[in-house]
Amino acid sequence: MNKKRSHFSGKIGFVLAAAGASVGLGNIWRFPYLAAKYGGGAFLLVYIILAFVFGYTMIVSETVIGRISKRSPIGAFQAFSDKKIYHVGGWINAIIPMLIVPYYSTIGGWVLNYLFQYIIGNTDAVAQDSYFGSFISDGFQTELWFVVFALCALVVVFLGVRNGIERVSKLMMPILVVLSLIIAIYSMTRPGAIAGIKYFLIPNFDNFSWMTVVAAMGQMFYSLSIAMGILITFGSYMKDDVHIEEATVNVEIFDTGIAIMAGLMIIPAVFAFSGGDATSLSAGPSLMFITLPKVFAGMGMTRLMGIIFFVLVFFAALTSAIALSESAISTFEDELNWSRHGATIFMALIMIVLGSLSSLGYGPLLGVTILGMQFLDFFDFLTNSVMMPIAAIFICLYIIRVIGFHAVEHEMTKEGGTFKRKAVYQFMIKYLCIAFLLIILISSILQVFEIIKI
C-alpha cells in the first residue's frame, strides 16, 4: 500500500527547512577556523565562488532526483535504473545520515550543556582551560545531554513534515538570523576587532595556497549538506509548483550569509581578545568550547553573550539534526512501509546505540579506538571524508547517465520555472564536479593517514 507522501506547504517551507539543514555546526565553528587557517578573505572569496557553481550544481541535482522520483534516497536511485551499481549509490546516500546524526547529537549535547552553564551563571568555570576536557570525560554528563538533544530532534521529526520540520524551521531560522546579527555587531564593535574584520573580508593572496581551494571545497560540501540524503528527501517533499532554481538560490544565499555572519561573530572577537593573533582561531573544534568562552569572559557581558551564542548554536545544530533524522526516517517509511511512529522509534534506537559510543568515547570508552581515532572522530572521518564524496559521485553519475539533462531541464522549468544557470550546471556536472569530489576524497584520506601515520 502506497501512503500519501507529505509535502512542504510551499517554497518558504522548503527553503527554511533546507537552509536549516545546511546551517549547522559546520557554519558556526568550522567555517571561521578554516577561513582563519587558509587565508581569511582569500578563503572567503574562493568559498563563495564554489558555493554558487559547485554547490549550486549539487543542490539542484539532489533536489531534482528527489522531486522527480518522489522517494527517499534508496527508492530514488532505483526509480530509473535496474543497474545494481546505482542502487549502491542510493544505499550510501541513505546510510550516511544514520551514521552522522548520532555523533552530531553528541556534539549537540555539549552545546546544550554549555548553554545550561551560562543560564545558571557558571561563567567562570566554563572559561577555564580544563572545563571542556573534564566535561567530555564525564560519561554520565555527556550521555545525559546527548539524550536530551536527541529527544529534541526526534520529537520534532515525529510531528511530521509540516507540523514538525517546517513549523520549527519557520520559527528557529529567523531567530537564528537575529541572534547572529546581535553577536556579530557586538563582536565587530570591540576594541581591536577591525583587524579581524579586514583579515576575514579583504582577500590577501599572499595567504592563498592550493589548500585554500581544497579546504573551501570541503567546507562548502559539508556546509550545504550535500550527499547526506537530506536534499533528495526534501526534494521529494517539494511541490511541482515550487521553482527549484529560485529555491536553490535562496538556500545558497541563506547558508553562505550565515557562514559569513559566523565569521564576523567569531574572527573579530578572537582578534580583539588575542591582540591580533590569528593562531588563536586555529583551535579547530575546541574553538567553540575552549577559546570562545575565554573570549566572552574577556569581553564583558559574559553571561548574556554566552547565552545568546549557545542558543544560536543550539538552534543551528538542532535544525541540522532534525533534517538528518528525517532523511533516515523517510527511508524507513518508504522502503519498509513503516509508520512514522515506528520509524522514529527505530531511529531513536540507532541514535542511542551509536551516539552513546561517541558520547562515552572520551570517558569510559577512552581506550577503545578505530584506526587510532575515538568513535566520534571515526564516524566523522568515515562519513564526511569517505562516504559523502563517494555518494556525491554517484549523484553526478546518476544525473549524467540515467536521468539525463533533458529531464533535469524539464523539472527545473515546471510551472514557469527558470534554468538561468543551465550552461554552468551542465559544464560543472560533466567536467568538474566529479574531479572536485575526487580531490576532496583523496586529500581527506591522505590528511587522516598522515595524522595516524599509516
Side chain T63, main chain V60, donor-acceptor under 3.5 Å:
no

Check the side chains of N113 and Q117 for a donor-acceptor pair under 3.5 angstrom, ignoring hydrogens and angles.
yes

Backbone N or O of L360 within a donor-acceptor pair of the T142 side chain at under 3.5 Å?
no

Which residue in the set F314, F135, W145 passes ring-ring contact (aromatic ring centres under 6.0 Å, His included) when paired with F116?
W145

I'd like to know if the side chain of E245 reaches the main chain of K420, judged simply by a donor and an acceptor atom lying under 3.5 Å from each other, with no hydrogens or angles considered.
yes

Residue pairs, two or more places apart or on separate chains, that pass salt bridge (charged side-chain N to carboxylate O under 4.0 Å, His left out) and touch residues 254-274
none

Please assess I183 against M261 for the test side-chain contact (heavy atoms from CB on, under 4.5 Å), listing each intermediate value before the final yes or no.
CA-CA 9 Å; I183 298 175; M261 197 71 69; over 6 Å; no

Side chains of residues 423-437: which donor-acceptor pairs under 3.5 Å do they make with residues two or more places apart or in other chains?
from : atom 1 : to  : atom 2 : distance (Å)
Y425 : OH     : S61 : OG     : 2.8

In terms of heavy-atom contacts, Y398 and A76 come closest through OH-O, 2.8 Å

Looking only at atom types and distance, does a side-chain atom of S359 sit under 3.5 Å from a main-chain N or O of T106, one as donor and one as acceptor?
no

Do the side chain of S327 and the main chain of A323 share a donor and acceptor less than 3.5 angstrom apart?
no

Salt bridge E415-R67, side-chain N to carboxylate O under 4.0 Å
no

Under a 4.5 Å cut-off applied to non-hydrogen side-chain atoms, are M288 and Y33 in contact?
no

Listed partners of L366 passing side chain to side chain contact (heavy atoms under 4.5 Å, CB included), at least two apart
Q374

Between K422 and E409, does at least one N-O distance fall below 4.0 Å, as a salt bridge requires?
yes

